[in-house]
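Please read the structure below before turning to the comments.
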Amino acid sequence: MTHEAATAKPQLVLDAMAARYGMAPDAFKAVVLKTCMPDCHVNIEQLEAFLVVASEYQLNPLTREIYAQNTPNGIQPTVTVDGWATLINSNPAFDGMSFKDHLGDNGELISITCIMYRKDRNHPVEVTEYLEECQDASETWQKWPRRRLRHKAMIQAGRYAFSLSGIYDPDEIERINQVQQKESKSTFRERIANRADNADEKAEGFTSAQETMAGDIEALKQESESDAHQQQVEGREADESACEAQTHSNSEGTQALPEEGSNVEEEPAREGDSSNGQAAEAEGCILDHVRAVLDSNPEPEAVGALRQKCATIEKPETKEAAHKMFIEFAKNTAKEAT
C-alpha cells in the first residue's frame with residue numbers, strides 16, 4: 001500500500017461520518033474532540049481509530065452513544081447505556097428481552113437476570129448480575145441500584161447474544177483503570193523495595209568491611225603490645241646478662257689500687273662518654289625516622305617492615321618509645337576508620 005493510499009483511507013472514515021451527519025469534515029472533527037474527548041490528549045491516529053469503532057457499530061458520537069475515556073494504555077471507546085440499547089435493538093436477530101429481580105428474605109435486592117431472545121435461536125441468553133459485585137460508592141448506584149443493575153444485566157446479555165466486542169461500558173472502564181493503577185503502584189512498590197534491599201545489602205557490606213577493618217586494627221594493636229612486652233623482657237634479660245658479665249669481669253681482672261702517695265693519676269673516661277653521645281644521637285635518629293614514616297600514613301606492609309626493623313633496637317628505652325609510637329598510630333587509624 002502506498003503512502004498516499006494509507007493516509008487517504010483514514011480520511012475517508014472522517015469524511016463519511018461527517019457526511020452522514022451533514023457536517024464538514026473539519027467541523028465534525030472539532031465537535032467530536034470537544035464532546036467525546038474533552039479530557040483526552042489524542043493524536044490523529046487515535047481519533048481515526050475511535051471513529052472506525054463508532055462507524056463499525058453505527059453509534060452516534062455527537063449524542064454520546066459512544067465517547068472516549070483515558071486509560072493507562074491510551075484512549076478506550078466507551079459505550080453508554082443508550083448506545084448499548086441502540087446496538088441491541090438495531091440487530092435484525094433481536095426478538096425482545098425480559099428481566100427478573102431476585103430479592104432476599106428482607107426484600108433487599110440481590111441480583112437481576114436479563115433474558116434476551118434471538119429470532120434465529122431456540123433458547124434465549126440469560127445473564128444474572130449481582131448487586132454486591134457491581135455496586136460502588138457513586139451517587140447513581142446509591143440512589144438507583146435497581147436501574148443501574150438492570151442496565152448491567154442488559155449490557156452483558158447483549159454482549160453474549162450478539163458477540164459485541166472491543167467496547168466497554170463506563171463502569172468497566174473505571175474498574176480497568178483501578179486495576180491497572182493498583183498494578184502500577186504494586187510494581188512501583190516492588191521497585192522501591194528492591195532498591196531498599198540493595199541499599200541494605202550495601203550497608204551490610206559496608207558494616208562488614210568496617211568490622212573487618214576494626215578487627216585488623218585490634219589485631220595490630222594486640223600484636224604491637226605483645227611485641228613491646230617481648231622487647232621489654234628481652235631488654236631486661238640483656239641488662240641482667242650485661243650486669244653479670246661486668247661482675248664477672250671485675251672479679252677476675254681487678255687491677256691493684258694505687259698505693260697511698262703514689263703518682264699514678266686516674267685516666268678520665270673520655271672515649272666512653274663520646275661513644276654514649278654517639279649512641280644517643282643514633283637512637284634519636286631512629287625515633288625521628290619512625291615518627292616520620294608513621295606520620296606519612298603508610299601502607300600496612302610498610303608499617304610491618306618498620307616494626308621488624310625497630311625490633312632490632314638494643315636500648316630498652318628507645319625500643320619502648322618506638323613501641324608507643326606504634327600504639328598511637330594504631331589508635332589514630334581506628335578513629336579514622338569509625
Side-chain angles (χ1 to χ4, degrees), residues 6-7 9-18 20-21 23 25-91 114 116 125 127 129-130 133-141 144 147-188:
T7 56
K9 186 175 181 179
Q11 188 66 29
L12 292 177
V13 176
L14 178 61
D15 292 345
M17 292 198 68
R20 182 189 306 169
Y21 300 110
M23 299 180 65
D26 291 341
F28 177 74
K29 175 182 175 181
V31 172
V32 169
L33 291 174
K34 187 173 182 179
T35 59
C36 299
M37 308 176 179
D39 300 323
C40 302
H41 301 284
V42 300
N43 53 38
I44 187 61
E45 290 80 8
Q46 291 173 323
L47 173 62
E48 297 290 355
F50 170 79
L51 292 177
V52 167
V53 175
S55 177
E56 179 71 20
Y57 287 109
Q58 297 294 305
L59 296 173
N60 188 350
L62 303 182
T63 59
R64 286 181 66 85
E65 288 181 341
I66 185 171
Y67 65 99
Q69 278 189 284
N70 282 318
T71 70
N73 296 326
I75 65 168
Q76 179 64 50
T78 306
V79 180
T80 63
V81 64
D82 293 336
W84 286 99
T86 297
L87 289 172
I88 294 170
N89 284 285
S90 63
N91 193 293
C114 178
M116 194 161 293
V125 173
V127 174
E129 290 292 319
Y130 294 86
E133 296 179 354
C134 299
Q135 189 176 32
D136 58 27
S138 63
E139 183 179 3
T140 56
W141 270 106
W144 305 289
R147 175 181 294 182
R148 291 298 304 271
L149 193 59
R150 191 176 298 115
H151 292 166
K152 293 293 293 184
M154 181 195 72
I155 291 171
Q156 293 303 323
R159 177 176 282 147
Y160 294 153
F162 303 109
S163 300
L164 303 174
S165 61
I167 51 178
Y168 300 91
D169 68 69
D171 285 348
E172 290 172 327
I173 293 296
E174 184 65 25
R175 294 173 190 270
I176 290 173
N177 286 340
Q178 290 176 357
V179 170
Q180 291 180 341
Q181 287 173 1
K182 288 181 180 179
E183 291 177 350
S184 178
K185 289 180 180 179
S186 177
T187 303
F188 176 75

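As a basis for the values below, the full set of heavy atoms in this structure was taken, side chains included, without hydrogen atoms, waters or symmetry mates. Values in this document were obtained by computation on a predicted structure and should not be read as measured data.
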Legend entry - D171 bridged to R148 by N-O distance under 4.0 Å: yes
Legend entry - Test log, rule side-chain contact (heavy atoms from CB on, under 4.5 Å), inputs V81 and R150: CA-CA 10 Å; V81 64; R150 191 176 298 115; over 6 Å; no
Inset, instruction - Just jot down the side chain to side chain donor-acceptor pair (under 3.5 Å) partners of E133, sequence neighbours excluded, or say none. - result: none
Legend entry - Listed partners of S165 passing side chain to side chain donor-acceptor pair (under 3.5 Å), at least two apart: none
Legend entry - Residue from K152, M116, M154, Q156 passing side chain to side chain contact (heavy atoms under 4.5 Å, CB included) with V127: Q156
Legend entry - CZ/R20: more than 12 non-hydrogen atoms of other groups inside 6.0 Å: yes
Inset, instruction - Count the heavy atoms of every other residue, nucleotide or ligand shown that sit under 6.0 Å from CD of Q58, and state whether that count exceeds 12. - result: yes
So which heavy atom on [X] is nearest to which on [Y], and how close?
X: A157; Y: C114; value: CB-SG, 3.7 Å
X: E129; Y: C134; value: OE1-SG, 3.3 Å
X: C36; Y: P61; value: SG-O, 2.9 Å

Measuring from atom [atom1] of [X] to atom [atom2] of [Y], what distance do you get when rounded to the nearest 0.5 angstrom?
X: R159; Y: L164; atom1: CZ; atom2: CG; value: 7.5 Å
X: L51; Y: E56; atom1: CG; atom2: CD; value: 13.0 Å
X: E45; Y: F50; atom1: CD; atom2: CZ; value: 16.0 Å
X: Q76; Y: N177; atom1: CD; atom2: CG; value: 9.5 Å
X: D136; Y: Q178; atom1: CG; atom2: CD; value: 8.0 Å

Close side-chain approach of [X] and [Y], heavy atoms under 4.5 Å:
X: Y130; Y: L149; answer: no
X: Y168; Y: V79; answer: no
X: L33; Y: L47; answer: yes
X: D15; Y: F28; answer: no
X: I167; Y: W84; answer: yes

Side-chain atoms of residues 62-72: list all donor-acceptor pairs with protein atoms under 3.5 Å, sequence neighbours left out, distances to 0.1 Å.
residue : atom : partner : partner atom : Å
T63     : OG1  : N60     : O            : 3.3
R64     : NH1  : T35     : O            : 2.6
E65     : OE1  : N60     : N            : 2.9
E65     : OE2  : T86     : OG1          : 3.1
Q69     : OE1  : T78     : OG1          : 3.3
N70     : ND2  : D39     : O            : 2.8
T71     : OG1  : N73     : N            : 3.3
T71     : OG1  : G74     : N            : 3.4
T71     : OG1  : G74     : O            : 2.4

Legend entry - Polar side-chain atom of S90 near backbone of L87 as donor-acceptor pair, under 3.5 Å: yes
